[in-house]
Asker: 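Below you'll find the structure I mean.
Each chain gets a letter, A, B and so on, in the order the sequences are listed, and its residues count up from 1.
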Amino acid sequence: MSDQHFLRVEGLTKHYGTNAVVKGVSFDFSKGEFISLLGPSGCGKTTILRMIAGFETPSSGTIQVDGEDITALRPNQRRLGMVFQAYALFPNLTVGDNIGFGLKVAGLGREQRRARVEEMLKLIGLPGFEKRFPYEMSGGQQQRVALARAIAPRPRLLLLDEPLSALDAKIRVSLREEIRAIQRELGITTVFVTHDQEEALSISDRIVVMNAGNIEQLGTPHDIYNRPSTRFAATFVGHLNTLPAASFGPDRAIRPELISLTQRPDTDTTLSGIVSDIGFMGSVLRLKVDVADVRLSIDTFNANSTPPQRGDAVTLHLASRDVLALGA
Amino acid sequence: MKPRKFWPWLVFTLGAAYFLVPLIATFEFSLKMRRGYYSFDSYGSVFSDPAFQATFAYSALIGVFAIVVGIVVVVPAVYFVRLRLPHLRPLMEFITLLPLIIPAIVLVYGYIRLYNSSSIVPFTGSALGTDILLICGYVTLAMPYMYRAVDTGMRAIDVKTLTEAAQIMGADTLRIITSIILPNILVAVLSGAFLTFAIVIGEFTIASLLNRPAFGPYLQNIGANRAYEPSALAIISFIITWGAMGMIQLLARFAPRSAPVTD
């Protein structure tokens, strides 16, 4: 039972005065899942994470981990691990003492701590860094140490509060892959808060798309991208073209990569337009094509042939089953 | 010297002279105990005076206790106000400034009225009780400096996130304050401690009215009865104060570097 409903949140709300930040959120995740809470700033995702951690008290609702109701427990009784956006390493302690802090609090002996710290440093690819101080390390290294510190005491749940936002683009991608690999290796249930949809899509088992304190959609990255259930989920995750209402009806849209310049076996609809702009992005060509009264964005893979020029008339092919109907 | 810098230098020289001339004159006078030529006789006379040693040792000990009590009172107070009651900060600022506004003599009269030997808490009834009262008085006098030093130290670290990071790993409040917060503001706390020490060593009013054998009343007593020793003592007091300030400067170099290196 506990593997199925490992993290269970029911009817969670949070008000600050009359301002409702989280409006009755429920979800249920299995052990070992990597879950992302995705949404724009102010959507309540961070507040939910902080309520799971125990830093905020829910106005109503319950939080259960592994069958135990932790709603009323203090943060230091919950046995969770957390990584913060600003690293939050203890500046007065060495890397080894930072990672060993939770173990020391738990009352582990010096030798056990040393062994676990060494194991953790190996896991994050920084062996031999025990004696360094946080200020002697780069941001990416500090955040890996923060990750090691969070998982060293074997927490029941790992909470990641936008841990990649303070890092530059290249390190962000490599560290997120590293986080995912470590999470898979340890099988630790993880809740990841982000406003970056690409990050959420690439790393998660399931995503909770949030807006204004409510869950818009909960599903796998594939589901959310290809079958968004609300207008917000469709527009917040990925790019979207609104199709001309004259030929498709109102509120019809399609992803840029599902429109082709050539016929495909599954395409059944054509549109003609004029190329108005071309963006070369390396592996992908991003064309802007004016069709009737709308401008469509089209992504095609770069091929070693001459691309269309500005002002060229082109025929666009698309499959009607790829057209999304945007609801409310 | 470039001509352009004439006026700044002139102002600096005048300012420096304003402070240094009396000091040099005092120093010069303190060397004149032996008629006709300079000697350190007055200093020898001061250092060999058993009352000097006794009062100085007494004030130093009281100073150490005042520092310890001050840290125990101020550090948790500043920590909790920053963390949980930030709207009380203006009130804290105001209250900690009061000792600068209310004269020490008012404070000590209040103490004597409240804690005299016929009151419910007769602190002044015994030497130990009076010492405790003296320490409390000094903690109050040093409060504006101690509070500001600690507050500045805590502003430099992210108290909230560090606290949360420690909490989620199971640490309780006592451990967070002693093993995370205090070590990270140690330099600030020590600068507050040296300021406290400098205040306690020279303080006269409270010690005198509580009739304790402190260094301040001793200085006053010598000043009223001797010629050369007071100048020597003034110079010694300056050196002690400067020493304390110098220690603050020295310690500032060991401040924890918390700024993360960016990629």
Asker: Please say whether more than 12 non-hydrogen atoms of neighbouring residues, nucleotides or ligands are located less than 6.0 Å from CD in A:Glu198.
Answerer: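 Count not over threshold, so no.
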Asker: Side chain from CB out, backbone as N, CA, C, O: work out which of these in A:Leu103 comes under 4.5 Å of a heavy atom of chain B, or both, or neither.
Answerer: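 Nothing of A:Leu103, per the 4.5 Å heavy-atom cut-off to chain B.
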Asker: From A:Arg79 CZ over to B:Met169 CE, what is the distance, rounded to the nearest 0.5 angstrom?
Answerer: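 Going from CZ on A:Arg79 over to CE on B:Met169, the span is 16.0 Å.
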Asker: Got A:Asn76 and B:Asp172 here, is their nearest side-chain heavy-atom distance under 4.5 Å?
Answerer: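 The answer is yes, as the side chains (C-beta and beyond) meet within the 4.5 Å cut-off.
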Asker: Could you give me the CA-CA distance, side-chain angles and deciding distance for B:Glu164 and A:Arg50, then say whether side-chain contact (heavy atoms from CB on, under 4.5 Å) is met?
Answerer: CA-CA 10 Å; B:Glu164 288 176 353; A:Arg50 292 177 60 78; 2.6 Å; yes
Asker: Work out which heavy atom in B:Pro183 is nearest to a heavy atom in A:Asn92; give both atom names and the distance.
Answerer: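 For B:Pro183 and A:Asn92, the tightest heavy-atom pair comes out as CB-ND2, 3.2 Å.
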Asker: For B:Ser179 and A:Phe90, run side-chain contact (heavy atoms from CB on, under 4.5 Å): C-alpha distance rounded to whole Å, both residues' side-chain angles, the deciding distance at 0.1 Å, then the answer.
Answerer: CA-CA 10 Å; B:Ser179 64; A:Phe90 305 130; over 6 Å; no
Asker: At their closest point, which heavy atom of B:Thr161 faces which heavy atom of A:Ala88, and how far apart are they?
Answerer: CG2-CB, 3.4 Å
Asker: Locate the shortest heavy-atom distance separating A:Lys104 from B:Arg175; write the atom from each residue and the value.
Answerer: O-NH2, 4.2 Å
Asker: Around atom CZ of B:Phe65, are there more than 12 heavy atoms from other residues, nucleotides or ligands closer than 6.0 Å?
Answerer: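 12 or below, so no.
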Asker: Check B:Leu162 against A:Pro91 and note the closest heavy-atom contact, atom names and distance.
Answerer: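 For B:Leu162 versus A:Pro91, the nearest heavy atoms are CD1-CD, 4.1 Å.
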Asker: Any chance CZ of B:Arg89 has more than 12 other-residue heavy atoms, nucleotides or ligands included, within less than 6.0 Å?
Answerer: yes
Asker: How many angstroms lie between CD1 in B:Ile168 and CD1 in A:Ile52, if you round to the nearest 0.5 Å?
Answerer: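 Rounded to the nearest 0.5 Å, the CD1-CD1 separation comes out at 10.0 Å.
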Asker: Take atom OH of A:Tyr16 as the centre, draw a 6.0 Å sphere, and report whether it contains more than 12 heavy atoms from other residues, nucleotides or ligands.
Answerer: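 Atom OH in A:Tyr16 is crowded, with more than 12 foreign heavy atoms closer than 6.0 Å.
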